[in-house]
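The block underneath contains the structure these notes are about, expressed in structure tokens.
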Amino acid sequence: MSTIDNLKDRTTPVFSQDDVTVLFVLGGPGAGKGTQCERLVSKYGFAHLSAGDLLRAEQNRPNSEFGSLIREHIRNGTIVPMEVTIALLESSMRAILSSSSSSSPTTPPKGKFLIDGFPRKLDQALKFEEAVVPARFVLFYDCPEAEMERRLMERGKTSGREDDNADSIRKRFRTFVDTSMPVVEYFEAQDRVVKIDARPEPDKVFENTQVELEKRLGKDF
């Protein structure tokens, strides 16, 4: 059975929430997710997984099961099947857990993961929780569009990224609102969203993030 078929058929999570802590990190383009994830990794020892980075790396990996499929979707501007993205996330989580120095043959390895920029759609969230592990909550960096646009336009002066221009930025905003906000609303209805005001300077945002995380997970998580 292929990896994709295995995921489609699976209805039981492969990891336990007792052993694996997953936070989904969401926010519009320019909200500062990457900066905050770096700080959370440094402070709390999370592993940071970016769905976009995993897809880009996989398409270039020799003998990849998914490489040609990913390239085809990127070339056609279509969405990569969610099972591929979830399989790459699960594989990365397994690799990190297996290399954990705390693991032993008799004790399940434990890990803490920030999954950045995923899930982008509600069906992705539902499948990940069904087949991999339920997330503890969504860490949502809330920022007005005008401020995100200002940041991205400023970044575009030096980033060299083709999508750091006004037209592309506004399309990305619309995509986020149309597809990702329903994910936030779904988790919010279950009291599984930690909303952080992303307008202040990064130091203040991180300070607020720490306070909210420790409220949910305790000081010693």
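The structure presented is a predicted model; accordingly, all values stated were derived computationally and were not measured. Throughout, residue positions are numbered sequentially from 1 according to the sequence presented.
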Apply side-chain contact (heavy atoms from CB on, under 4.5 Å) to [X] and list each qualifying residue two or more places apart in sequence or on a separate chain.
{"X": "Arg56", "result": "Asp53, Gln59"}
{"X": "Lys127", "result": "Met82, Ile86, Glu130, Ala131"}
{"X": "Pro200", "result": "Asp197, Lys204, Val205"}

Checklist entry - When you look at Arg172 and Glu149, which way does the salt bridge (charged side-chain N to carboxylate O under 4.0 Å, His left out) test go after all the steps? => result CA-CA 10 Å; Arg172 288 158 65 196; Glu149 182 171 341; over 6 Å; no
Hey, could you give me the [atom1]/[atom2] distance between [X] and [Y], rounded to the nearest 0.5 Å?
{"X": "Glu65", "Y": "Ile70", "atom1": "CD", "atom2": "CD1", "answer": "10.0 Å"}
{"X": "Phe46", "Y": "Asp116", "atom1": "CZ", "atom2": "CG", "answer": "13.0 Å"}
{"X": "Asn208", "Y": "Ile196", "atom1": "CG", "atom2": "CD1", "answer": "6.5 Å"}
{"X": "Leu139", "Y": "Leu114", "atom1": "CG", "atom2": "CG", "answer": "7.5 Å"}
{"X": "Met181", "Y": "Asp178", "atom1": "CE", "atom2": "CG", "answer": "11.0 Å"}
{"X": "Phe176", "Y": "Met148", "atom1": "CZ", "atom2": "CE", "answer": "7.0 Å"}

Is the closest side-chain heavy-atom distance between [X] and [Y] below 4.5 Å?
{"X": "Tyr186", "Y": "Leu126", "value": "yes"}
{"X": "Glu147", "Y": "Arg150", "value": "yes"}
{"X": "Val20", "Y": "Pro13", "value": "no"}

For the student: nearest non-hydrogen atoms of [X] and [Y], plus distance:
{"X": "Leu49", "Y": "Ser92", "value": "CD2-CB, 3.9 Å"}
{"X": "Arg199", "Y": "Pro144", "value": "CG-CD, 3.4 Å"}
{"X": "Arg136", "Y": "Thr21", "value": "NH2-OG1, 3.5 Å"}
{"X": "Ala95", "Y": "Ser98", "value": "O-OG, 2.9 Å"}
{"X": "Thr175", "Y": "Thr179", "value": "O-OG1, 2.7 Å"}
{"X": "Lys110", "Y": "Asp18", "value": "NZ-O, 3.3 Å"}

Item to check | same_hphob_cluster(Val211, Val194) at 4.5 Å side-chain heavy-atom cutoff | outcome: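 In one cluster: no.
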Where the side chain of [X] meets the backbone of [Y], is there a donor-acceptor pair that is under 3.5 Å apart?
{"X": "Gln36", "Y": "Pro202", "answer": "yes"}
{"X": "Gln124", "Y": "Arg120", "answer": "yes"}
{"X": "Ser180", "Y": "Val177", "answer": "no"}

Pair up each side-chain donor or acceptor in residues 37-44 with any protein partner under 3.5 Å, not counting sequence neighbours, and list the distances.
from, atom 1, to, atom 2, distance (Å)
Arg39, NH1, Asp203, OD1, 2.6
Arg39, NH2, Asp203, OD1, 3.2
Tyr44, OH, Glu214, OE2, 3.0

Next on the checklist: Is it the case that over 12 heavy atoms from other parts of the model lie below 6.0 angstrom from the CD atom of Glu201?
Outcome noted: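 Result for CD/Glu201: open.
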Checklist entry - Do other residues, nucleotides or ligands put more than 12 heavy atoms under 6.0 Å from the NZ atom of Lys112? => result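 Above 12, so yes.
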Checklist entry - Does a salt bridge link Arg151 with Glu154, judged by any charged N lying under 4.0 Å from a carboxylate O? => result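 A salt bridge is absent here (no side-chain N lies under 4.0 Å from a carboxylate O).
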Item to check | Lys/Arg N to Asp/Glu carboxylate O, Arg94 vs Glu90, below 4.0 Å | outcome: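 A salt bridge links Arg94 with Glu90.
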Next on the checklist: For a side-chain contact (heavy atoms from CB on, under 4.5 Å) check, start with the C-alpha distance between Val138 and Arg192, then their side-chain angles and the critical distance, and finish with the verdict.
Outcome noted: CA-CA 6 Å; Val138 172; Arg192 287 202 288 158; over 6 Å; no
Item to check | Aromatic Phe140 / basic Lys195 pairing, under 6.0 angstrom, 45° off normal | outcome: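 Negative - Lys195 is either too far from the ring of Phe140 or too far off its axis.
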Checklist entry - How far apart are the C-alpha atoms of His73 and Leu55, what are their side-chain angles, what is the distance that settles it, and do they pass the side-chain contact (heavy atoms from CB on, under 4.5 Å) test? => result CA-CA 11 Å; His73 279 281; Leu55 287 168; over 6 Å; no
Item to check | Any residue meeting ring pair (Phe, Tyr, Trp, His ring centres under 6.0 Å) with Phe66, in chain and number order, not counting sequence neighbours | outcome: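 Phe66 satisfies ring pair (Phe, Tyr, Trp, His ring centres under 6.0 Å) with no other residue.
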Checklist entry - Who are the ring pair (Phe, Tyr, Trp, His ring centres under 6.0 Å) partners of Phe128, not counting sequence neighbours? => result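 Only Phe24, Phe118 meet the ring pair (Phe, Tyr, Trp, His ring centres under 6.0 Å) criterion with Phe128.
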